[in-house]
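In the text below, chain A, chain B and the rest are named by the order of the sequence lines, each starting its count at 1. The figures here come from the full heavy-atom set of this structure, side chains too, leaving out hydrogens, waters and symmetry mates.
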2 protein chains.
Amino acid sequence: MENPELDKIRDEFTEIAGQLGVRLGLSRTVGQLYALLFLSDEPLCLDYMVERLKVSKGSVSTNIRELEKWGGVKKVWVKGSRKDFYEANPDTLKIVINRFKGGIQERVNEMSGGIDKFEKALSKIENSLSVEEKKKAQFYKEKFRKVKKMQTLINTFLKIIPKKIFL
Amino acid sequence: MENPELDKIRDEFTEIAGQLGVRLGLSRTVGQLYALLFLSDEPLCLDYMVERLKVSKGSVSTNIRELEKWGGVKKVWVKGSRKDFYEANPDTLKIVINRFKGGIQERVNEMSGGIDKFEKALSKIENSLSVEEKKKAQFYKEKFRKVKKMQTLINTFLKIIPKKIFL
DNA sequence: TAGAACGTTTAGAATGTTCTAAACAAAGTA
DNA sequence: TACTTTGTTTAGAACATTCTAAACGTTCTA
């Protein structure tokens with residue numbers, strides 16, 4: 001069952017996936033958990049993952065749910081066992097894209113939300129400003145418009161990414 | 001020159017940009033520096049940014065060069081001053097995209113590089129494997145092919161992002 | 001009902017990141 | 001040459017993140 005060569009390959013793959021996880025703003029362990037399940041032909045239980053990754057039970061418990069939140073794994077029921085088993089969502093690319101969308105897009109939109117506020121604030125005080133300050137306020141408004149335009153572009157662009165991709 | 005209302009708006013904008021910086025895998029200060037320059041109609045020197053952001057000179061020095069590395073700012077020469085002045089690259093979206101490309105894409109490609117190695121390693125030991133192990137090796141190969149396919153898709157996709165975007 | 005089997009929560013340890021302050025290097029000025 | 005201005009480097013402080021170990025709660029079993 002356990003071949004050291006095969007295990008080494010699996011472990012190295014898992015390690016690289018961990019780094020990808022970090023790059024996506026998740027933790028290393030989240031990436032590793034996904035890789036482990038991705039390379040398994042059957043659902044795995046918490047204890048097995050603890051043993052394989054040599055991390056604590058608490059860490060697996062927390063991280064596997066983080067992974068679940070992002071659609072990376074789902075809990076499956078295994079006949080005859082009380083344990084929780086998980087299996088990988090095979091649509092890896094979709095997970096990566098989801099994560100990206102939820103990250104950048106959210107921030108950019110948040111920025112645009114703030115900008116509406118700023119624009120209102122500017123309009124409100126505009127009258128009380130000196131000529132010099134009015135110029136500055138006008139300058140800010142232009143810049144803010146650029147950010148909003150960027151947000152529109154990003155949102156439009158993300159929409160064209162297909163919902164389902166078959167590998 | 002200094003209007004508290006206008007300054008407050010600039011500072012809040014700067015703060016949000018800092019969070020976007022973190023999301024992009026850069027530091028908060030990098031994001032803040034860009035925002036400061038983005039909202040300025042003239043190049044700024046290191047000392048001014050220190051004063052504005054209330055961070056140390058060393059931090060601005062390090063972070064502004066990180067920002068420069070990603071094409072976020074460029075050094076400009078200001079007549080009659082020995083100081084280094086910087087101005088923002090106005091093409092914000094391009095910077096965000098560059099950063100994204102250099103991040104995810106690089107990792108995914110690195111993964112694919114590793115996979116070539118794994119596939120070779122598998123082929124090499126294939127003969128010495130039991131029937132059971134052979135099945136496992138075959139299973140891994142399939143999975144690896146999927147990752148490579150994903151990499152191809154991501155690369156293709158990133159290529160269609162226009163090089164230059166006008167806001 | 002007592003105990004075992006599991007997963008979750010949490011306090012604090014380990015680790016990693018980013019900052020500051022100070023020393024430093026380089027280059028201009030007097 | 002001595003002094004000033006300016007940016008860079010770096011050791012260690014401050015902070016944030018992620019882990020571990022242990023306590024805990026729940027559910028099942030005997």
Side-chain angles (χ1 to χ4, degrees), chain A residues 14-15 17-37 43-70 72-87 99 103 107, chain B residues 14-15 17-37 43-70 72-87 99 103 107:
Chain A
T14 302
E15 179 49 35
Q19 291 166 26
L20 182 61
V22 172
R23 167 61 58 212
L24 288 168
L26 302 162
S27 74
R28 185 182 119 140
T29 309
V30 169
Q32 290 183 323
L33 284 170
Y34 181 77
L36 203 56
L37 289 159
L44 305 178
C45 70
L46 196 142
D47 284 338
Y48 179 87
M49 297 187 264
V50 165
E51 174 57 29
R52 210 67 287 164
L53 257 38
K54 302 290 181 213
V55 291
S56 71
K57 198 158 63 115
S59 181
V60 172
S61 172
T62 305
N63 283 302
I64 198 81
R65 272 173 299 143
E66 178 70 11
L67 186 52
E68 198 176 17
K69 211 172 77 187
W70 285 101
V73 294
K74 68 173 185 213
K75 226 179 255 192
V76 294
W77 181 71
V78 169
K79 199 160 66 177
S81 174
R82 297 209 272 123
K83 295 186 181 181
D84 288 352
F85 283 80
Y86 291 89
E87 67 182 17
R99 178 64 197 165
R107 274 290 173 238
Chain B
T14 302
E15 179 49 37
Q19 291 166 26
L20 182 60
V22 172
R23 168 60 57 211
L24 288 169
L26 301 164
S27 74
R28 187 183 117 141
T29 309
V30 168
Q32 289 183 321
L33 284 170
Y34 181 78
L36 203 56
L37 289 159
L44 305 178
C45 70
L46 194 143
D47 283 340
Y48 180 88
M49 297 187 266
V50 165
E51 173 56 29
R52 216 52 303 156
L53 256 38
K54 303 286 182 218
V55 291
S56 71
K57 200 159 58 112
S59 181
V60 172
S61 172
T62 305
N63 284 302
I64 200 79
R65 273 174 298 145
E66 178 72 11
L67 187 50
E68 200 177 15
K69 210 173 76 186
W70 287 100
V73 294
K74 67 170 182 215
K75 229 179 252 191
V76 293
W77 181 70
V78 169
K79 199 161 63 177
S81 175
R82 298 207 272 123
K83 294 186 181 180
D84 289 352
F85 283 80
Y86 290 88
E87 67 181 20
R99 178 65 197 162
R107 275 289 173 239

Report the distance from atom [atom1] of [X] to atom [atom2] of [N], rounded to the nearest whole Å.
| X | N | atom1 | atom2 | answer |
| --- | --- | --- | --- | --- |
| B:N63 | D:dT9 | CG | C1' | 14 Å |
| A:L33 | C:dG7 | CG | P | 13 Å |
| A:E66 | C:dT8 | CD | C1' | 15 Å |
| A:Y86 | C:dT8 | OH | C1' | 11 Å |
| B:E68 | D:dG7 | CD | C1' | 13 Å |
| B:L24 | C:dT18 | CG | P | 13 Å |
| A:L44 | C:dG7 | CG | P | 12 Å |
| A:K83 | D:dT27 | NZ | P | 19 Å |

Looking only at non-hydrogen atoms, find the nearest pair between [X] and [Y] and report the distance.
| X | Y | result |
| --- | --- | --- |
| A:A17 | A:A35 | CB-CB, 3.4 Å |
| B:S59 | B:T29 | OG-CG2, 4.1 Å |
| A:L44 | A:M49 | O-CE, 3.8 Å |

Just compare [options] and give me whichever is closest to any side-chain atom of [X].
| X | options | result |
| --- | --- | --- |
| B:D84 | D:dG7, D:dT18, C:dG7 | D:dG7 |
| A:K75 | C:dT8, D:dG7, D:dT18 | C:dT8 |
| B:R65 | D:dT8, D:dT18, C:dG7 | D:dT8 |

Original post:
Hey, are the side chains of A:R28 and A:Q19 touching, using non-hydrogen atoms and a 4.5 Å cut-off?
Top reply: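 No - every pair of side-chain heavy atoms lies 4.5 Å or more apart.
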Original post:
Is A:V73 close to A:L33 at the side-chain level, that is, under 4.5 Å between some pair of heavy atoms?
Top reply: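 Answer no - side chains too far apart.
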**OP:** Kindly say if A:S61 contacts the phosphate of C:dT8, meaning a side-chain N or O under 4.0 Å from OP1 or OP2.
**Re:**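 It does, given that an N or O in the side chain of A:S61 lies less than 4.0 Å from OP1 or OP2 of C:dT8.
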**OP:** Please determine if a side-chain N or O atom of B:R28 lies less than 4.0 Å away from the OP1 or OP2 oxygen of D:dC15.
**Re:**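 So the side chain of B:R28 is outside the cut-off, no N or O lying under 4.0 Å from OP1 or OP2 of D:dC15.
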Subject >> B:R52, CZ atom: more than 12 neighbouring heavy atoms under 6.0 Å >> reply: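 For B:R52, atom CZ is crowded (more than 12 foreign heavy atoms under 6.0 Å).
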Subject >> Non-neighbouring partners of A:E68 that pass salt bridge (Lys or Arg N to Asp or Glu O under 4.0 Å), sequence neighbours left out >> reply: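 Checked A:E68 against salt bridge (Lys or Arg N to Asp or Glu O under 4.0 Å); zero matches.
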**OP:** For nucleotides 20-30 of chain C, just jot down a letter per nucleotide in 5' to 3' order: B, S or -, based on protein non-hydrogen atoms under 4.0 Å.
**Re:** B-------S--
